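Report on one structure; see the data block that follows.
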Amino acid sequence: MIELYRIYKEYSNGQTALKDVSLHIPAGQMVFLIGESGAGKSTLMKLLYKAEDFSFGRVLIGRVDVSRLTDYSKLRRRIGLIFQDASLLPHLSVFDNVAYILRAQGASEREIRFRVEGALNVVGLLERAKEMTQHLSGGERQRVGIARAIVTSPPVLLADEPTGNLDPVNSLKIFQLFKEINEKLKMTMIIATHDPRVHQLGKRIVQLGGGQIIMDTEPSNLPMFGSLAV
Amino acid sequence: MMRFLRMLGRIFAEAGLGLWRSGWLNIVIISILMSTLIVFGIMLELSVSLKKIAGNLLGSQTEFSVHLKDKSDPLKMVTRLKHFGEVTSIKLTTRQEAWEQTRKLLQIELDDSLNDMPNTLTIRVKRPQDAAPLIRKINSWQSEIEHISYAPTMVRKLNVVKHLLILLGTFISTLLAAATFVINFNTIELVIRARKEELSLLRFMGVTNWFIRGPFILQGILYGLVSSLTAGFILLTIDAIARYNWQKIMSQQFGLIELFWPSADELTQILIILTLTGIAFSSSSSFWATERRMGV
């Protein structure tokens, strides 16, 4: 469960990025955060994984009050992060990129192999585990990023413009993958995007504009388009 | 426990990777730190030698030796000297004991009939300024005294030389140490800057602060360890060569090497000091660099 209560974010130059944003996301729900550039999507995402602090308000992730945290690593271990550019470690293979966080947490090699192979299987890259990441296409790199985010089975998955660098076909494949992961692994997911086609996925959509929520559409209110053609 | 050990092992592996990535800069840092430690070590050795020269060969400013005439009774002299308030200790070395010591030092058999050594009293006073007036008084007992050995000026000069050497050594070591600190700090900082995106990514992935900082600090410790061990090896080599040449060429003119050369125990102490200094110094500069650049 993610709970945002009356969040304000103002930068030191006086610019207000978020104004009175309140949002409740039940556990296991998948939410698309849409809006134009500068609407406040990335700021909201950054507040959730503590890359930035909010000026006023309250954020709860599970039972954790984010504003009271001093050691952010504990919070971040409960969140899987996916970035626009995948942000992979260039000197490591696909397997080692996904395994890195597990190694940092002191997991055994047996557990690492089990979890990494499972995550790579979900994203369809198990066959390419030994390859270096620079040999992969943009869509494949983003899949590695997704595998890395889900490998620790975090309860929350945040994706900030995950298809921003991808062509339309690969973008839809990635969205479809997110939907499958949500349905299989029951993770709470927030995906920030400016891609209007996410309406077709039949998931909750929150639209931001000028730092405020201007639309919040529950899945039941969405028109059904059937499955997404890729 | 196993989890902790695995994390420790992985921190070591990351440190190894960091060293490999630093390339030739490793050699620069280790060379400078090693030079610093060699200078520091030489200064420590010289300081130990000068202290021994002052102690073994010249005595201190608060100590002098009174050599008695053959007819003088040493025990009576001891009783007489005990009445002086400034005297803190009196040690009697009989002519027979002195003869034994000489035979032991020279390692040759000498007939006792050749012994012309006097009975000697080694007198220690409370303060250096107490020595001269007391020596004047003792000198007035001409019928009892053959000779008084006291070299306060030499000891003073030696102490001045010792202090100057320590000052010079400290100055040179400080300059080299500052250079090492800056270079090590900048190297670690450059590595951090070059990997800034990667490191912030690791933080966002929930990797703990110590897992990120640990390899850099370990890298510093390894620099210190390698530098001090190399410096220690070079110092020992220099020491062995100098000792060999001294014993071969100079010992006949200047006496036995044990009287002023640092002993094996003292050399071991110097090496331990060097190693600890090297590690403390290098790891602290790495720690500071990570503290400054990687605040989470």
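We name chains A, B, ... by the order of the sequence lines, and we start the count at 1 in each one. Since we're looking at a predicted model, the values are computed, not measured.
With a 4.5 Å cut-off on non-hydrogen atoms, Leu5(B) does not touch chain A at all. At a 4.5 Å heavy-atom cutoff, the contact between Ser108(A) and chain B is made by backbone and side-chain atoms alike. With a 4.5 Å cut-off on non-hydrogen atoms, Ile101(A) touches chain B through its backbone and its side chain both. In this structure, chain B has a heavy atom under 4.5 Å from the backbone of Leu102(A), while its side chain stays farther away. Heavy atoms of Leu8(B) lying under 4.5 Å from chain A are absent altogether.
The neighbour count for Tyr11(A) OH, taken as heavy atoms of other residues, nucleotides or ligands under 6.0 Å away, is above 12. The environment of Glu111(A) atom CD is dense: over 12 non-hydrogen atoms of other residues, nucleotides or ligands sit within 6.0 angstrom. Around CD of Gln134(A), the count of heavy atoms belonging to other residues, nucleotides or ligands within 6.0 Å exceeds 12. Heavy-atom neighbours of Arg58(A) CZ from other residues, nucleotides or ligands within 6.0 Å: at or below the threshold of 12.
Note that CE of Met205(B) is 5.0 Å distant from CZ of Arg148(A), once rounded to the nearest 0.5 Å. Atom-to-atom distance recorded for Thr208(B):OG1 and Gln105(A):CD is 9.0 Å, nearest 0.5 angstrom. Going from atom OG of Ser73(A) over to atom CD1 of Ile212(B) covers 8.5 Å, rounded to the nearest 0.5 Å. The distance from the CZ atom of Phe204(B) to the CG atom of Leu158(A) is 12.0 Å, given to the nearest 0.5 Å. Atom CZ in Phe83(A) sits 5.5 Å away from atom CG in Leu201(B) (nearest 0.5 Å).
At least one donor-acceptor pair under 3.5 Å links the side chain of Arg77(A) to the backbone N or O of Gly206(B).
Among all heavy-atom pairs drawn from Arg103(A) and Met7(B), the shortest one is O-CG, 4.4 Å.
Within the 4.5 Å cutoff, no side-chain heavy atoms of Val207(B) are placed close to those of Arg76(A).
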